[in-house]
Amino acid sequence: LEPILTQIKAADFEVPLEAFADATVTEPTPTNPYAAFDRMATLRASATTVRMAIHILSQRTVAQLVERAREPAFEAELLISESYVTAAEQAPVEESPGLEGLAAADGVSVRIVERTIPYMVGMIDDTVTIGVRENRSAVGVLEVDSEPARAWARDRFDTLRAAARPYTT
(Lines give C-alpha, C1' and ligand atoms only; values in the text may rest on other atoms or scores of the structure.)
Protein backbone atom coordinates (compact mmCIF):
# COMPACT_ATOMS: atom_id res chain seq x y z
CA LEU A 1 0.00 0.00 0.00
CA GLU A 2 2.96 2.30 0.58
CA PRO A 3 3.34 3.66 -2.99
CA ILE A 4 -0.29 4.79 -2.92
CA LEU A 5 -0.78 5.91 0.66
CA THR A 6 2.39 8.00 0.83
CA GLN A 7 0.87 10.25 -1.86
CA ILE A 8 -2.36 10.90 0.08
CA LYS A 9 -2.61 13.43 2.91
CA ALA A 10 -3.52 11.85 6.24
CA ALA A 11 -6.44 14.30 6.57
CA ASP A 12 -7.96 12.87 3.38
CA PHE A 13 -7.64 9.32 4.58
CA GLU A 14 -10.06 8.87 7.45
CA VAL A 15 -10.52 5.14 7.23
CA PRO A 16 -8.77 2.38 9.17
CA LEU A 17 -5.97 0.72 7.24
CA GLU A 18 -7.66 -2.62 7.95
CA ALA A 19 -10.19 -1.64 5.26
CA PHE A 20 -7.36 -2.14 2.78
CA ALA A 21 -6.03 -5.42 4.16
CA ASP A 22 -7.02 -7.30 0.98
CA ALA A 23 -6.04 -4.51 -1.42
CA THR A 24 -4.07 -5.11 -4.57
CA VAL A 25 -1.64 -2.52 -5.89
CA THR A 26 -0.62 -2.42 -9.53
CA GLU A 27 2.56 -0.45 -10.16
CA PRO A 28 4.47 0.37 -13.32
CA THR A 29 7.36 -1.95 -14.12
CA PRO A 30 10.34 -1.51 -16.43
CA THR A 31 8.67 -3.83 -18.93
CA ASN A 32 5.20 -2.30 -18.52
CA PRO A 33 5.31 1.36 -17.48
CA TYR A 34 1.55 1.56 -18.17
CA ALA A 35 0.54 -1.32 -15.88
CA ALA A 36 -1.66 0.88 -13.66
CA PHE A 37 -3.46 2.39 -16.68
CA ASP A 38 -3.88 -1.08 -18.20
CA ARG A 39 -5.39 -2.39 -14.97
CA MET A 40 -7.90 0.46 -14.83
CA ALA A 41 -8.85 -0.20 -18.46
CA THR A 42 -9.42 -3.87 -17.64
CA LEU A 43 -11.65 -3.00 -14.69
CA ARG A 44 -13.70 -0.51 -16.74
CA ALA A 45 -14.05 -2.97 -19.64
CA SER A 46 -16.38 -5.28 -17.71
CA ALA A 47 -18.04 -2.76 -15.37
CA THR A 48 -21.64 -1.65 -15.52
CA THR A 49 -21.04 1.40 -13.29
CA VAL A 50 -17.97 3.64 -13.24
CA ARG A 51 -17.66 6.57 -10.86
CA MET A 52 -14.33 8.40 -10.85
CA ALA A 53 -13.02 11.64 -9.41
CA ILE A 54 -9.94 12.12 -11.50
CA HIS A 55 -7.19 14.66 -12.07
CA ILE A 56 -6.45 13.66 -15.66
CA LEU A 57 -8.10 11.56 -18.37
CA SER A 58 -6.16 9.83 -21.08
CA GLN A 59 -7.52 9.80 -24.62
CA ARG A 60 -7.64 6.02 -24.29
CA THR A 61 -9.89 6.31 -21.23
CA VAL A 62 -12.19 8.79 -22.96
CA ALA A 63 -12.50 6.54 -26.02
CA GLN A 64 -13.16 3.47 -23.87
CA LEU A 65 -15.89 5.22 -21.86
CA VAL A 66 -17.57 6.57 -25.00
CA GLU A 67 -17.54 3.07 -26.49
CA ARG A 68 -18.88 1.51 -23.28
CA ALA A 69 -21.66 4.15 -23.13
CA ARG A 70 -23.15 2.56 -26.26
CA GLU A 71 -24.15 -0.37 -24.05
CA PRO A 72 -27.60 0.27 -22.52
CA ALA A 73 -26.75 -0.95 -19.01
CA PHE A 74 -23.55 1.11 -18.67
CA GLU A 75 -23.40 4.25 -16.52
CA ALA A 76 -20.48 6.55 -15.75
CA GLU A 77 -20.13 9.59 -13.56
CA LEU A 78 -16.88 11.55 -13.82
CA LEU A 79 -15.63 14.43 -11.73
CA ILE A 80 -12.69 16.08 -13.45
CA SER A 81 -10.27 18.81 -12.33
CA GLU A 82 -10.91 22.12 -14.05
CA SER A 83 -7.18 22.49 -14.75
CA TYR A 84 -7.30 19.32 -16.87
CA VAL A 85 -10.39 20.53 -18.75
CA THR A 86 -8.69 23.83 -19.58
CA ALA A 87 -5.59 22.03 -20.86
CA ALA A 88 -7.66 19.52 -22.87
CA GLU A 89 -9.67 22.27 -24.53
CA GLN A 90 -6.50 24.12 -25.52
CA ALA A 91 -4.93 21.04 -27.12
CA PRO A 92 -7.70 18.88 -28.63
CA VAL A 93 -6.79 15.60 -30.28
CA GLU A 94 -8.63 15.01 -33.55
CA GLU A 95 -8.94 11.24 -33.26
CA SER A 96 -10.29 11.45 -29.69
CA PRO A 97 -13.98 12.05 -28.95
CA GLY A 98 -12.79 14.50 -26.29
CA LEU A 99 -14.77 15.70 -23.32
CA GLU A 100 -17.58 16.89 -25.59
CA GLY A 101 -18.05 13.39 -26.96
CA LEU A 102 -17.85 11.90 -23.50
CA ALA A 103 -20.33 14.34 -21.97
CA ALA A 104 -22.74 13.77 -24.89
CA ALA A 105 -22.69 9.98 -24.49
CA ASP A 106 -25.82 8.37 -23.09
CA GLY A 107 -25.47 7.28 -19.49
CA VAL A 108 -22.40 9.47 -18.86
CA SER A 109 -22.31 12.46 -16.53
CA VAL A 110 -19.29 14.77 -16.52
CA ARG A 111 -18.86 17.40 -13.83
CA ILE A 112 -16.02 19.85 -13.28
CA VAL A 113 -14.32 20.37 -9.94
CA GLU A 114 -12.73 23.81 -9.61
CA ARG A 115 -10.02 22.69 -7.25
CA THR A 116 -7.27 20.21 -8.00
CA ILE A 117 -8.12 16.56 -7.47
CA PRO A 118 -4.83 15.30 -6.01
CA TYR A 119 -5.47 11.60 -6.66
CA MET A 120 -8.04 9.46 -8.43
CA VAL A 121 -10.82 7.94 -6.36
CA GLY A 122 -13.05 5.55 -8.20
CA MET A 123 -15.76 3.02 -7.69
CA ILE A 124 -15.94 0.56 -10.51
CA ASP A 125 -18.96 -1.55 -9.69
CA ASP A 126 -18.15 -2.55 -6.08
CA THR A 127 -14.39 -2.15 -6.38
CA VAL A 128 -12.76 0.94 -4.89
CA THR A 129 -9.81 2.27 -6.87
CA ILE A 130 -7.26 4.86 -5.81
CA GLY A 131 -4.71 6.07 -8.31
CA VAL A 132 -1.80 8.41 -7.77
CA ARG A 133 0.69 10.15 -10.00
CA GLU A 134 4.02 11.77 -9.37
CA ASN A 135 5.85 13.95 -11.87
CA ARG A 136 3.20 13.20 -14.53
CA SER A 137 3.73 9.44 -14.24
CA ALA A 138 1.52 6.85 -12.60
CA VAL A 139 2.80 5.63 -9.25
CA GLY A 140 0.17 2.95 -9.15
CA VAL A 141 -3.44 2.02 -8.62
CA LEU A 142 -4.91 0.36 -5.55
CA GLU A 143 -8.04 -1.72 -5.75
CA VAL A 144 -10.04 -3.15 -2.87
CA ASP A 145 -13.50 -4.54 -2.26
CA SER A 146 -14.44 -3.74 1.34
CA GLU A 147 -17.40 -1.85 2.78
CA PRO A 148 -15.31 0.58 4.90
CA ALA A 149 -13.25 1.46 1.82
CA ARG A 150 -16.45 1.92 -0.24
CA ALA A 151 -17.92 4.20 2.44
CA TRP A 152 -14.75 6.31 2.42
CA ALA A 153 -14.68 6.46 -1.39
CA ARG A 154 -18.38 7.40 -1.58
CA ASP A 155 -17.79 10.18 0.95
CA ARG A 156 -14.79 11.57 -0.98
CA PHE A 157 -16.70 11.34 -4.27
CA ASP A 158 -19.87 12.92 -2.86
CA THR A 159 -17.89 15.77 -1.28
CA LEU A 160 -16.26 16.57 -4.61
CA ARG A 161 -19.55 16.19 -6.49
CA ALA A 162 -21.28 18.66 -4.16
CA ALA A 163 -18.75 21.32 -5.21
CA ALA A 164 -18.75 20.42 -8.92
CA ARG A 165 -20.66 21.96 -11.80
CA PRO A 166 -21.93 20.22 -14.94
CA TYR A 167 -19.54 20.23 -17.88
CA THR A 168 -20.77 22.39 -20.74
CA THR A 169 -19.15 23.03 -24.07
Side-chain angles (χ1 to χ4, degrees), residues 1-27 36-37 39-41 43-44 47-58 61-62 64-66 68-69 74-89 98-100 102-169:
L1 302 180
E2 183 180 343
I4 305 298
L5 299 184
T6 57
Q7 300 292 319
I8 299 174
K9 289 190 239 173
D12 286 348
F13 208 68
E14 299 171 350
V15 62
L17 286 179
E18 293 79 28
F20 298 93
D22 295 329
T24 305
V25 175
T26 303
E27 298 177 80
F37 296 112
R39 181 62 190 146
M40 288 297 297
L43 289 170
R44 288 189 307 263
T48 56
T49 304
V50 172
R51 296 174 73 202
M52 295 189 318
I54 195 160
H55 43 287
I56 191 166
L57 273 175
S58 71
T61 299
V62 171
Q64 181 189 38
L65 291 171
V66 168
R68 291 297 319 282
F74 182 77
E75 293 181 4
E77 183 176 8
L78 303 172
L79 307 177
I80 305 170
S81 289
E82 185 172 49
S83 59
Y84 167 74
V85 173
T86 301
E89 289 173 343
L99 287 177
E100 295 83 11
L102 186 58
D106 289 338
V108 177
S109 168
V110 177
R111 299 181 66 79
I112 307 305
V113 178
E114 289 186 16
R115 66 185 185 94
T116 299
I117 299 173
Y119 52 88
M120 184 273 298
V121 174
M123 290 162 286
I124 300 177
D125 290 335
D126 288 333
T127 301
V128 172
T129 57
I130 302 171
V132 295
R133 294 169 55 93
E134 185 175 57
N135 300 326
R136 301 182 52 91
S137 296
V139 171
V141 64
L142 175 147
E143 59 187 277
V144 67
D145 191 8
S146 77
E147 188 49 44
R150 274 191 294 281
W152 172 81
R154 274 192 302 271
D155 180 63
R156 295 290 304 147
F157 192 88
D158 291 347
T159 298
L160 289 168
R161 184 195 311 119
R165 69 179 190 286
Y167 173 75
T168 56
T169 56

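Side-chain atoms are counted along with the backbone in the values below, which use heavy atoms only and exclude waters and symmetry mates. Fair warning: this is a prediction, and the values are worked out from it, not measured in the lab. If you read the sequence from its start, that first residue is 1, and numbering goes on from there.
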_Sequence-distant partners of D125, side-chain contact (heavy atoms from CB on, under 4.5 Å), two or more places apart_ = A47, T48, T49
*Not counting sequence neighbours, which residues clear side-chain contact (heavy atoms from CB on, under 4.5 Å) with E143? List them please.*
T24, T26, R39, L43, T127, T129
_Nearest-0.5 Å distance that lies between atom CE in M52 and atom CE in M123_ = 11.0 Å
*Considering non-hydrogen atoms only, spot the tightest contact between S81 and R115 and give its length.*
OG-O, 3.9 Å
*Once you round to the nearest 0.5 Å, how far does CE of M40 lie from CE of M120?*
3.5 Å
*asked:* Using the rule given for side-chain contact (heavy atoms from CB on, under 4.5 Å), can you reason through R51 versus D158, listing the C-alpha separation, both sets of side-chain angles and the distance that settles it, and then say yes or no?
replied: CA-CA 10 Å; R51 296 174 73 202; D158 291 347; 3.2 Å; yes
*Looking at side-chain heavy atoms only, is the closest gap between L57 and L99 below 4.5 Å?*
yes
_Ignoring hydrogens, what is the shortest heavy-atom contact between D106 and A69? Give both atom names and the distance._
O-CB, 3.4 Å
_Euclidean distance, R154 CZ relative to R161 CZ, rounded to 0.5 Å_ = 11.5 Å
*asked:* Is there a side-chain contact between L78 and L102 in this structure, where contact means two heavy atoms from C-beta onward sitting under 4.5 Å apart?
replied: yes
*For the pair D145 and R150, evaluate side-chain contact (heavy atoms from CB on, under 4.5 Å) and give the outcome as yes or no after the intermediate values.*
CA-CA 7 Å; D145 191 8; R150 274 191 294 281; 2.3 Å; yes
_Using every non-hydrogen atom in the two residues, find where I117 and L79 come nearest and quote the distance to one decimal._
CD1-O, 3.6 Å
*Shortest non-hydrogen separation from V113 to A164 and the atoms involved*: CG2-CB, 3.9 Å
*For the residue pair Y167 and A103, what are the closest heavy atoms and their distance?*
CD2-CB, 3.6 Å
*Check side-chain contact (heavy atoms from CB on, under 4.5 Å) between S58 and all other residues, then give those that pass, not counting sequence neighbours.*
R60, T61
*Please check if the side chain of R44 supplies one atom and the backbone of V50 the other of a donor-acceptor pair under 3.5 Å.*
no
*Given side-chain contact (heavy atoms from CB on, under 4.5 Å), test L160 with V121 step by step and report yes or no.*
CA-CA 10 Å; L160 289 168; V121 174; over 6 Å; no
*Could you go through the side-chain contact (heavy atoms from CB on, under 4.5 Å) check for L65 and V108 one step at a time?*
CA-CA 8 Å; L65 291 171; V108 177; 5.6 Å; no
_Where G131 and Y119 come nearest, the two heavy atoms and their spacing_ = O-CB, 3.3 Å
*Verify the neighbour count for atom CG of D155: are there more than 12 heavy atoms of other residues, nucleotides or ligands below 6.0 Å?*
yes
*State the OG1-CZ distance between T168 and R111, to the nearest 0.5 angstrom.*
11.0 Å
